[in-house]
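Here the structure is laid out as structure tokens; the discussion comes afterwards.
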Amino acid sequence: MAAAGDSSGSSVRKRRVGSGKTESELADSSGGEPGADSGEDAEEERGLPSLRTGTYWLTRIVLLRSVAFIYLVAFSVAFNQNKQLIGERGLMPCKDYLNSVKRYVGGRIGTAAFAYTPSILWLLDWSDMDANLDGIALAGMTLSAFVLVTGMANMVVMVTLWVLYHSLVGVGQLWYSFGWESQLLETGFLAIFLCPVWTLSQVPRRCPPSLICLWTFRWLIVRIMLGAGLIKIRGDKCWRDLTCMDYHYETQPVPNPMSYYMHHSPWWFHRFETFSNHLIELLFPLFTFLGRRMRMFNGATQILFQVVLIVSGNLSFLNWLTIVPSLASFDDAALAFLFNSRGGAKKAALEMQNEDSAGRTPKPTKGMLMRWVVNISLGVLIGCLSVPVVMNLFSSKQVMNTSFDPLRIVNTYGAFGSITKERTEVIFQGTLSPDPKDPEALWEEYQFLCKPGDVYRRPCLISPYHYRLDWLMWFAAFQTYEQSEWVIHIAGRLLSNDSAVLSLLDHNPFRGGEPPRWVRGEHFRYKFSQPGSASAAEGKWWLRKRIGAYFPPVDLEGLRGYFQSRSWPHPHLKPNRS
């Protein structure tokens with residue numbers, strides 16, 4: 001086996017020297033001076049075949065597996081939470097939403113309905129919407145797990161994943177209204193064109209990775225970063241005076257344990273973080289267009305940046321997803337270390353390179369020519385749909401996380417254009433007292449799965465998983481309950497011991513006993529405790545101070561008119577088994 005490896009490595013070296021390229025051409029293809037591929041040379045010295053720069057067989061495998069991982073997380077979140085949020089008895093039933101869209105487009109399920117809300121739910125039986133939602137999520141989990149484990153996919157599989165997730169986002173309403181949903185749909189759409197139509201193979205010989213498709217991924221990471229950087233510079237003075245990171249870790253939607261320690265970093269470190277953020281989001285993305293080495297530098301920097309964000313907060317699967325297009329900055333030679341030296345994928349990629357060097361590339365078939373047309377069409381489509389996105393980037397009235405086409409193929413992105421300087425939280429409390437105004441009434445608190453509540457509870461660590469209700473509670477805290485009426489809907493469900501809503505919470509203080517007679521929302525200001533302080537020594541992660549009432553005490557009878565005016569089913573009291 002060693003002799004065979006030596007022979008293969010020697011033949012590769014001979015072809016590299018005798019390839020007909022000048023020294024300067026070799027330098028250009030490697031992104032620097034001759035001999036730049038030290039990793040590949042090291043493999044040759046060990047008697048192992050090495051991959052050269054400029055091909056993307058392994059890059060495609062890494063991209064597909066990465067997209068599949070994000071899909072798997074997203075469909076898992078959907079399977080565990082959709083019934084409670086948009087199911088038959090959800091807080092915002094998708095059946096009601098589809099009926100309202102149907103009325104809006106003239107009462108028919110036709111082209112207009114699909115254009116307004118692209119979803120296969122239009123075609124399914126609505127008599128059991130929970131089963132439909134679970135079926136979509138389970139199908140998505142199954143297909144994405146297959147691609148993740150095998151590294152194989154075709155256009156049929158990737159189109160199916162894209163359609164399934166589009167079907168959920170289309171009816172997800174408020175719960176699916178964030179930028180990472182559109183970003184996953186755009187990333188998933190681009191991944192379709194990485195694959196052959198039918199063939200399931202890690203290295204499909206007659207379907208080389210399209211450079212056009214790879215450049216659409218690179219264009220995506222450029223737009224994501226520039227959008228995020230420009231909205232910050234335009235949006236909040238603290239980004240310009242380098243003070244935003246003084247607040248971010250404490251006030252972000254769902255902090256994690258590391259957020260506590262990052263918040264208490266020295267002031268100069270926060271200035272360094274903010275300045276580095278501007279470099280990474282506004283300058284480094286332009287390196288994508290400056291050749292292989294600079295493109296790889298940007299790709300590596302963007303991945304490291306996202307890893308830091310993952311470590312320092314629970315931002316759903318957003319940062320994990322943003323890593324995906326950065327991977328398109330690397331070719332086979334750069335990603336070879338991720339693969340077994342004698343593994344099938346790496347060996348097949350090497351054979352493809354050798355055939356190309358020897359002039360033994362397969363003669364173009366009709367299918368390959370059709371794929372070439374498809375790739376050109378993809379480039380033209382992305383280019384045309386990018387026009388309003390680019391115009392938005394250069395606009396002084398830039399908007400973030402917006403789609404300009406109904407299928408969300410090319411979108412504009414951004415995050416934290418403004419930073420909240422104080423953290424406030426809405427805390428649900430319930431009491432068994434018949435009189436909510438009784439000063440002796442005992443009010444007990446509900447705890448959410450992840451958002452701050454109990455000051456002694458350590459911040460959670462869940463990324464890339466995501467609790468949609470916890471995230472929306474962050475927004476509700478700096479709005480009013482009139483602006484977030486679903487908060488009152490939750491209160492009514494708590495009064496009725498609704499198992500669906502209670503499954504979205506971590507602690508029900510009335511578990512196993514009588515349900516509360518009254519529920520209220522209290523508004524608190526939260527701050528991290530100071531390390532080394534008496535509060536920290538007591539085990540407090542947070543300090544809080546009451547601001548006032550968020551919404552007044554409510555009971556089931558008092559909510560009857562409120563629910564009827566909004567066409568919400570009035571909660572019915574149930575025995576408390578939750």
Side-chain angles (χ1 to χ4, degrees), residues 53-71 144 147 151-163 165-166 182-224 285 288-289 292 295-296 298-299 302 321-335 345 348-349 352-353 356 361-362 364-365 367-386 389 405 407-411:
T53 62
T55 62
Y56 299 91
W57 300 98
L58 303 184
T59 305
R60 169 163 55 190
I61 298 172
V62 173
L63 281 169
L64 287 174
R65 278 185 157 150
S66 301
V67 173
F69 171 72
I70 305 300
Y71 267 135
S144 55
V147 177
M152 298 187 297
N154 57 30
M155 294 185 80
V156 175
V157 170
M158 299 310 294
V159 166
T160 302
L161 283 169
W162 185 71
V163 169
Y165 200 66
H166 226 309
S182 296
Q183 189 175 325
L184 176 52
L185 289 173
E186 180 171 352
T187 307
F189 179 81
L190 299 180
I192 294 170
F193 299 89
L194 286 170
C195 310
V197 178
W198 300 107
T199 305
L200 279 175
S201 171
Q202 285 191 337
V203 185
R205 291 174 178 269
R206 294 188 177 274
C207 185
S210 164
L211 276 176
I212 292 176
C213 186
L214 290 166
W215 270 105
T216 61
F217 278 96
R218 296 167 184 171
W219 175 229
L220 173 58
I221 190 61
V222 169
R223 287 186 287 110
I224 290 171
T288 301
F289 307 102
R292 178 177 181 264
R295 183 164 57 245
M296 288 173 57
N298 175 60
Q302 299 300 342
L321 176 60
T322 306
I323 288 174
V324 175
S326 297
L327 296 170
S329 300
F330 303 95
D331 57 18
D332 290 344
L335 297 178
M352 295 296 100
Q353 287 191 348
D356 184 55
T361 53
T365 63
M368 294 172 71
L369 292 175
M370 290 180 63
R371 170 52 67 105
W372 181 80
V373 172
V374 169
N375 292 336
I376 294 293
S377 301
L378 172 66
V380 172
L381 175 66
I382 299 301
C384 292
L385 294 179
S386 293
V389 174
D405 62 271
L407 294 180
R408 309 190 195 210
I409 294 174
V410 180
N411 312 289

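Along the sequence shown, residues carry numbers from 1.
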Return the minimal non-hydrogen interatomic distance between [X] and [Y], and the atom names on each side.
X: Ser329; Y: Gly299; answer: OG-CA, 3.9 Å
X: Ala153; Y: Met158; answer: CB-SD, 3.8 Å
X: Tyr71; Y: Gly188; answer: OH-CA, 3.4 Å
X: Leu200; Y: Met152; answer: O-SD, 3.6 Å
X: Phe217; Y: Ala328; answer: CB-CB, 3.6 Å
X: Ala345; Y: Val203; answer: O-CG2, 3.8 Å

- Message: Using the ring pair (Phe, Tyr, Trp, His ring centres under 6.0 Å) criterion, which residues pair with Trp57? Sequence neighbours excluded.
- Response: none
- Partner set under ring pair (Phe, Tyr, Trp, His ring centres under 6.0 Å) for Phe189, not counting sequence neighbours: Trp162, Phe193
- Message: Could you go through Val197 and Asn154, starting from their C-alpha distance and side-chain angles, then the distance that decides it, and tell me whether this counts as side-chain contact (heavy atoms from CB on, under 4.5 Å)?
- Response: CA-CA 5 Å; Val197 178; Asn154 57 30; over 6 Å; no
- Verify side-chain contact (heavy atoms from CB on, under 4.5 Å) between Ile192 and Leu161, making sure each step is shown before the conclusion. CA-CA 9 Å; Ile192 294 170; Leu161 283 169; over 6 Å; no
Taking C-beta and beyond as the side chain, do [X] and [Y] meet within less than 4.5 Å on heavy atoms?
X: Cys207; Y: Arg371; answer: yes
X: Leu214; Y: Leu211; answer: yes
X: Val373; Y: Ser377; answer: yes
X: Leu378; Y: Cys213; answer: yes

- Message: Filter on side chain to side chain donor-acceptor pair (under 3.5 Å), then keep only pairs touching residues 185-195, sequence neighbours left out; what's left?
- Response: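 Sorted result for residues 185-195: Glu186-Arg223, Glu186-Asn411, Glu186-Tyr413.
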- Query: Restricting to pairs with a member in residues 188-204, which pass side chain to side chain donor-acceptor pair (under 3.5 Å), not counting sequence neighbours?
  - Reply: none
- Message: Set out, in order, the CA-CA distance, both residues' side-chain angles and the distance that settles side-chain contact (heavy atoms from CB on, under 4.5 Å) for Leu385 and Leu381, then state yes or no.
- Response: CA-CA 6 Å; Leu385 294 179; Leu381 175 66; 3.7 Å; yes
Within this structure, what is the [atom1]-[atom2] distance for the pair [X] and [Y], rounded to the nearest 0.5 Å?
X: Met352; Y: Leu58; atom1: CE; atom2: CG; result: 11.5 Å
X: Asn298; Y: Ile221; atom1: CG; atom2: CD1; result: 7.5 Å
X: Trp219; Y: Thr216; atom1: CH2; atom2: OG1; result: 11.5 Å
X: Leu190; Y: Ile382; atom1: CG; atom2: CD1; result: 5.5 Å

Under 3.5 Å, side chain of [X] to main-chain N/O of [Y], donor-acceptor pair present?
X: Arg60; Y: Leu194; value: yes
X: Asp331; Y: Thr55; value: no
X: His166; Y: Leu185; value: no
X: Thr59; Y: Phe330; value: yes

- Message: side-chain hydrogen bond (donor to acceptor under 3.5 Å, both in side chains), that's the test. Do Gln302 and Thr322 meet it? Break it down for me.
- Response: CA-CA 8 Å; Gln302 299 300 342; Thr322 306; over 6 Å; no
- Message: Set out, in order, the CA-CA distance, both residues' side-chain angles and the distance that settles side-chain hydrogen bond (donor to acceptor under 3.5 Å, both in side chains) for Arg408 and Ser182, then state yes or no.
- Response: CA-CA 6 Å; Arg408 309 190 195 210; Ser182 296; 3.2 Å; yes
- The side chain to side chain contact (heavy atoms under 4.5 Å, CB included) partners of Ile212 (sequence neighbours excluded) come to Ser210, Asn375, Ile376
Show me the donor-acceptor pairs within less than 3.5 Å that the side chains of residues 61-70 make with the rest of the protein, sequence neighbours left out.
from: Arg65; atom 1: NE; to: Leu148; atom 2: O; distance (Å): 2.9
from: Arg65; atom 1: NH2; to: Val149; atom 2: O; distance (Å): 2.8
from: Ser66; atom 1: OG; to: Val62; atom 2: O; distance (Å): 2.7

